[in-house]
Amino acid sequence: MSLLVLGSIALDTVKTPLEERADLLGGSASYASLAASFFSPVQLVGIVGEDFPQENITLFRKNRIDLEGLQVVPGKTFRWSGEYLWDMNQRETRSVELNVFENFSPELPESYRSARMILLGNIAPALQNHVLDQLTRPHFVIADTMDLWINVAKEELVRLIARVDMLILNDGEARELTGETSLIKAGRRIREMGPSFVAIKKGEHGCLLFGENQFFSCPAYPLEDIHDPTGAGDCFAGGLAGYLASRQLDALDPSKKQEISFELLRQAVVEGSVIASFNVESFSMDRLRTVTSADIAERYGIFRTLSRFEGL
Ligand code: AMP
């Protein structure tokens with residue numbers, strides 16, 4: 001089953017304490033689509049300008065990412081620039097150029113409207129709601145967001161949260177959204193806003209998954225060298241959603257539709273964490289270009305070992 005992915009497609013400039021790189025392929029939809037493509041085909045919804053390098057289009061195509069929903073319009077691609085401090089968990093945005101994003105209003109191609117598994121990647125919540133409005137029978141909708149939207153578009157975001165099955169956000173955002181300092185209380189409060197499931201990411205400290213009276217704490221992979229943390233959150237969301245899509249092969253036949261259980265989501269959260277851990281090993285999507293299924297399976301096994309311990 002295909003996964004529909006909405007989000008930003010960007011050309012990023014990233015500065016870390018050791019290196020600076022410009023014009024990198026970035027954006028929430030780019031990271032999420034490539035991450036998801038390890039598990040399922042993707043239908044990508046986004047916009048780029050005429051300056052968007054052809055090699056990026058080729059990369060998408062090579063990885064079974066369908067581009068019927070990609071608009072290429074006159075003008076410049078969205079640009080973002082960020083700088084990481086010595087503590088690579090801390091990032092400052094240096095500049096944002098909306099460019100073609102300014103007038104983006106995604107209209108889904110006919111063939112995308114019946115999508116069943118959806119990832120509304122990080123982008124303005126009004127656009128996430130607009131895409132949701134066009135879907136005829138979504139089965140499972142996941143939304144990702146960021147602090148910016150809590151600050152500038154909270155009402156629209158709250159409207160979106162009420163409509164989705166799962167929300168993904170990081171610890172600071174969960175605290176900001178709910179006004180709770182405890183992440184456990186924040187997870188519960190967000191579930192009360194609508195979604196059956198909530199994943200709260202804690203950067204290099206793993207992630208918490210909340211369901212109805214269910215809770216899972218996913219460890220973080222102990223990476224020694226992080227080269228570029230950009231897109232880790234998007235890869236987490238994309239890997240998770242792509243894995244779920246791969247397990248919903250029969251969802252078109254309602255009698256065979258597999259329920260999205262908490263057990264399946266636990267696996268999906270680990271798969272998302274595995275892909276995110278690979279992604280930060282290199283700038284942009286460089287590492288994801290070379291990762292193999294065997295690499296993913298091996299690291300999944302390491303995640304299992306990390307969180308297993310004997311009973312008393
Ligand atoms: P992350 O590291 O998961 O926060 O994602 C980083 C990516 O988000 C970068 O590649 C940026 O191009 C993209 N990005 C930054 N700001 C925005 C924004 N306001 N809307 C959509 N995407 C953004």
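Just so you know, ligand 1 is whichever comes first in the structure, and atom 1 is the first atom listed for that ligand.
An N or O contact shorter than 3.5 Å is missing between G26 and ligand 1 by distance. For the pair Y31 and ligand 1, the shortest N or O to N or O distance does not fall below 3.5 Å. On a distance-only criterion, M146 and ligand 1 share no N/O pair closer than 3.5 Å. When only interatomic distances are considered, the shortest N/O to N/O separation between S28 and ligand 1 does not fall below 3.5 Å.
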Verdict with supporting geometry, S8 and S28, side chain to side chain donor-acceptor pair (under 3.5 Å): CA-CA 5 Å; S8 59; S28 57; 3.2 Å; yes

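The environment of NZ in K76 is sparse: at most 12 heavy-atom neighbours from other residues, nucleotides or ligands sit within 6.0 Å.
Partner Y84 forms a side-chain hydrogen bond (donor to acceptor under 3.5 Å, both in side chains) with one of R91, K15, Q90 and no other, that one being R91.
No hydrogens or angles considered: nothing links the side chains of E212 and S196 as a donor-acceptor pair under 3.5 Å. Side-chain atoms of T290 and R287 form a donor-acceptor pair, as typed in the model, at a separation below 3.5 Å.
In terms of protein heavy-atom proximity, atom 19 (N) of ligand 1 is closest to L148 CD2, 3.6 Å. In terms of protein heavy-atom proximity, atom 22 (N) of ligand 1 is nearest to S8 OG, 2.8 Å. In this structure, atom 4 (O) of ligand 1 lies nearest to the protein heavy atom R91 NH2, 2.9 Å. Nearest protein neighbour of atom 16 (N) of ligand 1, counting heavy atoms only, is W80 CD1, 3.7 Å.
Using a cutoff of 4.0 Å between basic side-chain nitrogens and carboxylate oxygens, R61 and E68 are not scored as salt-bridged.
When F101, F78, W149 are ranked by how near their heavy atoms come to atom 14 (N) of ligand 1, first place goes to F78. Proximity annotation for atom 3 (O) of ligand 1: of V96, D234, D12, D234 comes nearest, heavy atoms only.
Listed by number with element, the atoms of ligand 1 under 4.0 Å from a non-hydrogen atom of G233 are 3 (O). Taking a cut-off of under 4.0 Å to the non-hydrogen atoms of A10, the atoms of ligand 1 that pass are 12 (O). Taking every heavy atom of T230 and a limit of under 4.0 angstrom, the matching atoms of ligand 1 come to 2 (O), 6 (C), 9 (C), 10 (O).
Between R79 and ligand 1 there is no heavy-atom distance shorter than 4.0 Å.
Counting all heavy atoms, side chain and backbone alike, T77 lies closest to N99 at O-ND2, 2.8 Å.
Neither the backbone nor the side chain of T93 has a heavy atom within less than 4.0 Å of ligand 1.
Although no hydrogens or angles enter the test, the distance criterion places a donor-acceptor pair under 3.5 Å between the side chain of H130 and the main chain of P106.
Under a cutoff of 6.0 Å and an axis angle of 45°, R299 and F278 form a cation-pi pair.
Using a 30° and 60° split on the angle between ring planes, Y243 and F39 fall in the perpendicular class, above 60°.
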